[in-house]
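Working notes for the structure below.
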Amino acid sequence: MIPQTLKGFRDFLPDTMAPRQQMIRTIEDAFARHGFLPLQTPALEYLETLLGKYGAEGDKLLYRFEDNGGRSVALRYDLTVPLARLVAQHRAEIVLPFRRFHIAPVWRAEKPQRGRFREFLQCDADICGVDSPMADAEVLVTGLATLRALGVSGARLHLNHRDVLFGMLDVLGMTEKTKQIICIRAIDKLDKIGQDGVVAEIVREAEIEASQASEIVRAFAGGGGIEPIAAVAAGKGHAALDTALLRLQAVVDLVAAAGLGEQVVIDRSIARGLDYYTGIIYETRLTDPKVASIGAVMSGGRYDGLIGLFGKEQIAAVGISIGLDRLLAALQELGLLAQGLAQVPIYVMPLDASVAGPALALATELRAAGLRVELDLAGGRIGKQFERAGKRGSKIALVVGSDELAAGVVQVKDLASGEQAKVARAELIDDLRRRLA
RNA sequence: GUGGAUGUAGCUCAGCUGGUAGAGCGCGGGAUUGUGGAUCCCGAUGUCGUGGGUUCAAAACCCACCAUCCACCCCA
């Protein structure tokens with residue numbers, strides 16, 4: 001058979017896996033530093049657990065099948081719904097507020113394209129049990145600090161609130177729920193298809209007058225910030241909208257107090273498709289135009305109703321999700337990916353079979369000292385061994401031959417400069433540490 | 001799921017209006033049996049995405065299918 005991967009699924013060779021692994025570690029460290037604890041759930045869930053949580057579109061994208069025992073199951077579509085299930089199921093063992101992080105693959109049967117895969121890694125941090133601006137701000141600060149730790153500088157978080165979207169539409173005279181959703185979907189595309197495009201879509205899909213559609217679009221278009229929303233809300237006495245405004249402002253103030261205010265903007269055109277969001281919602285985009293089409297790299301929101309679907313108790317929750325694969329693809333395109341991670345710095349070369357034992361002993365000693373060491377196993381001419389060491393990208397080659405063995409030394413060659421020195425075995429580890437520093 | 005583009009060596013691609021394949025890079029060997037990268041020499045690759053059709057003759061033209069990429073929908 002022809003070796004191949006499934007559409008939308010990928011292999012990771014060491015050149016990309018090494019930086020990927022490093023990014024994962026950086027994210028784990030950052031999440032842990034923000035007081036989140038690790039957790040894991042199964043890749044497979046009962047179909048019923050996942051169905052109906054993401055909207056009609058989401059349901060269609062579930063990988064679903066019958067297992068060997070005839071159970072209807074599905075691969076998880078995100079990490080949020082499994083978390084909600086877990087919290088409800090283990091309610092007795094969990095102390096609220098509950099903070100956890102979860103880094104794991106999810107599966108969506110979408111048509112793959114740039115920055116979109118059928119299997120991809122999500123990195124989530126969530127807080128369950130608190131509904132407050134402080135909790136909202138905490139996950140935003142966690143996400144932004146994590147991006148910073150990854151070396152991502154040009155990222156901006158667009159913040160909105162479900163009740164701003166629905167409240168503004170109410171106030172503008174668009175009160176029918178299904179038409180509101182059509183409007184929100186269209187408004188989400190403002191930066192993509194422009195005001196005229198959005199007006200056209202609303203007129204077509206919601207079957208309303210062009211004048212009303214224009215009025216709505218004008219209210220959502222233009223610069224971000226709190227003022228345009230406040231202007232629409234002013235004097236209308238829409239309680240939910242007024243509350244949402246206060247909430248947004250409080251969250252922004254808190255993020256600013258943490259020193260990350262520059263990276264957050266209130267953007268009333270941001271919508272999120274997933275049905276379970278109830279409060280603030282956000283998307284993070286990279287500001288470099290070269291990777292703008294790659295889409296959102298860090299998103300999330302508040303989902304106060306979701307856990308309650310799995311148990312009797314309503315538990316508030318808010319979370320953020322980093323799309324590591326998109327971020328990786330973007331960093332790769334921008335040339336910001338760490339180089340040289342897929343290389344083993346020290347290459348030990350046994351010159352012939354008679355020094356195999358001493359060479360392995362040397363490698364073992366260095367490895368025990370915490371150095372990363374590859375031992376040449378293919379043998380052959382010394383020139384071949386150097387060639388392999390060079391191709392590997394190793395920094396230092398250690399020559400172990402019978403002469404060196406007899407003299408109690410090792411030839412240490414710097415592969416970049418070509419410079420070579422005899423170093424006594426006793427001083428070798430210190431010497432190597434100095435060279436690699 | 002809808003629309004568009006593209007499929008030739010491991011990779012990037014060339015191949016004119018049809019005459020059964022090429023380059024660069026990479027890979028293997030050698031020049032150099034205890035010293036890599038540069039240079040030079042030699043070498044191996046391929047059912048030209050798959051299947052059918054038109055033709056004396058198809059990588060090229062036609063049809064179908066598959067795959068990849070892009071856009072839409074939706075999203076990380």
Side-chain angles (χ1 to χ4, degrees), chain A residues 2-10 13 27 54-62 77-80 103-124 143 147 181-182 184-186 188-189 192-193 197 201 205 270-275 277 281-286 293-301 319-330 347 349-352 355 376 378-405 411-420 422:
Chain A
I2 301 159
Q4 57 184 331
T5 50
L6 284 164
K7 185 205 272 279
F9 288 71
R10 298 158 297 158
L13 271 65
I27 294 169
Y54 308 106
E57 292 298 322
D59 284 352
K60 274 190 247 166
L61 300 178
L62 287 173
Y77 177 92
D78 68 1
L79 302 177
T80 306
I103 298 176
V106 302
W107 294 270
R108 298 181 187 179
E110 292 192 89
K111 194 156 178 171
Q113 55 182 278
R114 186 185 199 207
R116 174 177 302 187
F117 313 100
R118 288 186 168 173
E119 177 183 57
F120 61 96
L121 204 69
Q122 284 199 329
C123 310
D124 282 30
L147 288 185
I181 288 169
I182 290 167
I184 290 168
R185 282 216 181 112
D188 194 33
K189 295 178 205 161
K192 242 181 190 173
I193 61 177
E201 181 167 329
E205 302 287 331
I270 289 292
R272 309 242 66 226
L274 301 178
D275 278 10
Y277 289 121
I281 48 179
Y282 33 87
E283 283 182 9
T284 311
R285 309 207 192 112
L286 298 175
S293 75
I294 230 160
V297 296
M298 181 172 83
S299 307
I320 197 158
S321 180
I322 297 176
L324 182 122
D325 289 286
R326 279 189 178 177
L327 210 46
L328 181 75
Y347 199 86
M349 306 183 348
L351 284 194
D352 56 65
V355 293
D376 184 281
R381 280 186 12 233
I382 186 169
K384 277 288 156 209
Q385 295 201 30
F386 271 115
E387 198 178 319
R388 280 195 290 271
K391 272 180 196 157
R392 284 279 196 282
S394 293
K395 294 193 164 42
I396 291 166
L398 300 181
V399 180
V400 181
S402 40
D403 298 351
E404 287 80 3
L405 211 56
Q411 297 273 8
V412 178
K413 179 159 180 173
D414 183 311
L415 288 165
S417 68
E419 166 198 348
Q420 186 167 328
K422 281 183 191 161

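All figures in this text were calculated on a predicted structure; none of them were measured in a lab. Naming convention: chains lettered A, B, ... in sequence-line order (proteins, then strands); numbering from 1 in each chain.
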*Output the single nucleotide from B:rA76, B:rG29, B:rA67 whose closest atom is nearest the side chain of A:K7.*
B:rA67
*Could you check how far CD of A:Q113 sits from P of B:rG1, rounded to whole Å?*
14 Å
*Base, sugar-phosphate, or nothing for A:K413, non-hydrogen atoms under 4.0 angstrom?*
base
*Output yes when A:D376 and A:R388 qualify as a salt bridge under the 4.0 Å nitrogen-oxygen rule, no when they do not.*
yes
_When both hydrogen-bonding distances must be under 3.5 Å and the geometry is Watson-Crick or G-U wobble, what is B:rA5 paired with, if anything?_
B:rU68
*Ignoring hydrogens and angles, does a donor from either the side chain of A:R116 or the base of B:rC74 sit under 3.5 Å from an acceptor on the other?*
yes
*Just compare B:rU35, B:rC74, B:rC75 and give me whichever is closest to any side-chain atom of A:R185.*
B:rC74
*asked:* Strictly by Watson-Crick or wobble contacts shorter than 3.5 Å, is anything paired with B:rC48, and which nucleotide is it?
replied: none
*A:E387 CD to B:rG26 P: how many Å, rounded?*
12 Å
*Given atom NZ of A:K111 and atom P of B:rC73, what is their separation to the nearest angstrom?*
14 Å
*Write down the partner of B:rG22 under the Watson-Crick or G-U wobble criteria, each distance required to be under 3.5 Å.*
B:rC13
*For B:rG3 and B:rA64, measure between their P atoms and round to the nearest Å.*
13 Å
*Given the C1' atoms of B:rA59 and B:rA21, what is the spacing between them in whole Å?*
8 Å
*Applying a 3.5 Å limit to both distances, which nucleotide forms a Watson-Crick or G-U wobble pair with B:rA59?*
none
*side-chain N/O A:R381 vs B:rG30 OP1/OP2, d < 4.0 Å*: yes
*Mind checking the P distance from B:rG15 to B:rC56? Whole angstroms is fine.*
28 Å
_C1' atoms of B:rG30 and B:rU47, separation to the nearest Å_ = 33 Å
*Provide the distance between the two P atoms, one in B:rG1 and one in B:rC13, to the nearest whole Å.*
28 Å
_Is there a side-chain contact between A:E201 and A:I193 in this structure, where contact means two heavy atoms from C-beta onward sitting under 4.5 Å apart?_
yes
*SB check A:K422 A:E404 (cutoff 4.0 Å)*: no
